[in-house]
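Taking it in order: structure first as structure tokens, then the write-up.
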Amino acid sequence: QVQLVESGGGLVQAGGSLRLSCAASGIIFSFNTMGWYRQAPGKERELVAVITSGSMTNYADSVKGRFTISKDNAKNTVSLQMNSLEPEDTAVYYCYAARGRIYWGQGTQVTVSS
């Protein structure tokens, strides 16, 4: 059974940094894409960043230049380095991985205080 486990969320002041990590277990294959979504209270879940098996990346406009996604294919992990955090980045961040279907992590809370 595939499981995605996130870590690294927390409370940070505006302008600060956090690094989220997501480790996949229970798999024998590599994912086609991995990435992060987030959902703020009262808002729809939105894509934050994605990285393909070929290391192509894509970011939401709101995080370009501030967030960096990276992965370790051998370990099936994906990370999100978040710099210059803003209160608007406050949300639950969900890791996802896709190959034939989409797998989701349980989510980790990121809170940015002003």
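This one's a predicted model, so the numbers in the text were calculated from it and none came from an experiment. Both backbone and side-chain heavy atoms feed into the values below; hydrogens, waters and symmetry mates do not.
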Self-check item: Any residue meeting ring-ring contact (aromatic ring centres under 6.0 Å, His included) with Y37, in chain and number order, not counting sequence neighbours
Solution: Y96, W104
Quiz item: Distance-only, no hydrogens or angles: does the Q3 side chain make a donor-acceptor pair with backbone N or O of A24 under 3.5 Å?
Solution: no
Quiz prompt | Whether Y59 side chain and I69 backbone form a donor-acceptor pair below 3.5 Å | solution = yes
Quiz item: What are the two closest heavy atoms between L18 and L85, and how far apart are they?
Solution: N-CD1, 3.7 Å
Quiz item: Between E86 and R66, is any pair of side-chain heavy atoms under 4.5 Å apart?
Solution: yes
Quiz item: Quick one: ring-ring contact (aromatic ring centres under 6.0 Å, His included) partners of Y93, sequence neighbours excluded?
Solution: none
Self-check item: Value rounded to 0.5 Å, distance of CE in M56 from CD1 in I51
Solution: 10.5 Å
Quiz item: Nearest heavy-atom pair of T52 and K71: which atoms, and what distance?
Solution: O-CE, 2.7 Å
Quiz item: In the single-linkage hydrophobic clustering (I, L, V, M, F, W, Y; side-chain heavy atoms under 4.5 Å), do Y103 and V48 co-cluster?
Solution: yes
Self-check item: Check: S79 side chain, S70 main-chain N or O, donor-acceptor pair, under 3.5 Å
Solution: no
Quiz item: Applying disulfide (SG to SG under 2.5 Å), which residue pairs with at least one partner in residues 40-114 are found, sequence neighbours left out?
Solution: C22-C95
Practice problem: Could you grab the distance from atom CE of M82 to atom OG1 of T68, nearest 0.5 Å is fine? | Solution: 11.0 Å
Practice problem: Please name all residues satisfying salt bridge (Lys or Arg N to Asp or Glu O under 4.0 Å) with E88, sequence neighbours left out, ordered by chain then number. | Solution: none
Quiz item: With sequence neighbours left out, which residue pairs that include part of residues 10-20 fulfil the side chain to side chain donor-acceptor pair (under 3.5 Å) condition?
Solution: S17-N83, R19-Q81
Quiz item: Looking only at heavy atoms, which two atoms of L80 and A49 are closest? And how far apart?
Solution: CD1-CB, 4.0 Å
Exercise. Look up atom CG in L47 and atom CH2 in W36, then write down how far apart they are to the nearest 0.5 Å.
Key: 12.5 Å
Quiz item: Between V92 and V50, is there a shared hydrophobic cluster once you connect ILVMFWY residues whose side-chain heavy atoms come closer than 4.5 Å?
Solution: yes
Quiz item: Where is the tightest heavy-atom contact between M34 and V78, given as atom of each residue plus distance?
Solution: CE-CG1, 3.7 Å
Exercise. List the atom of R38, the atom of S62, and the distance in Å for their closest heavy-atom pair.
Key: NH2-OG, 3.3 Å
Quiz item: Roughly how far apart are S53 OG and R99 CZ, rounded to 0.5 Å?
Solution: 8.5 Å
Practice problem: Would you please name every residue forming a side-chain contact (heavy atoms from CB on, under 4.5 Å) with Q39, sequence neighbours left out? | Solution: R45, Y94
Practice problem: Would you mind reporting whether F31 and I102 have side-chain heavy atoms less than 4.5 Å apart? | Solution: no
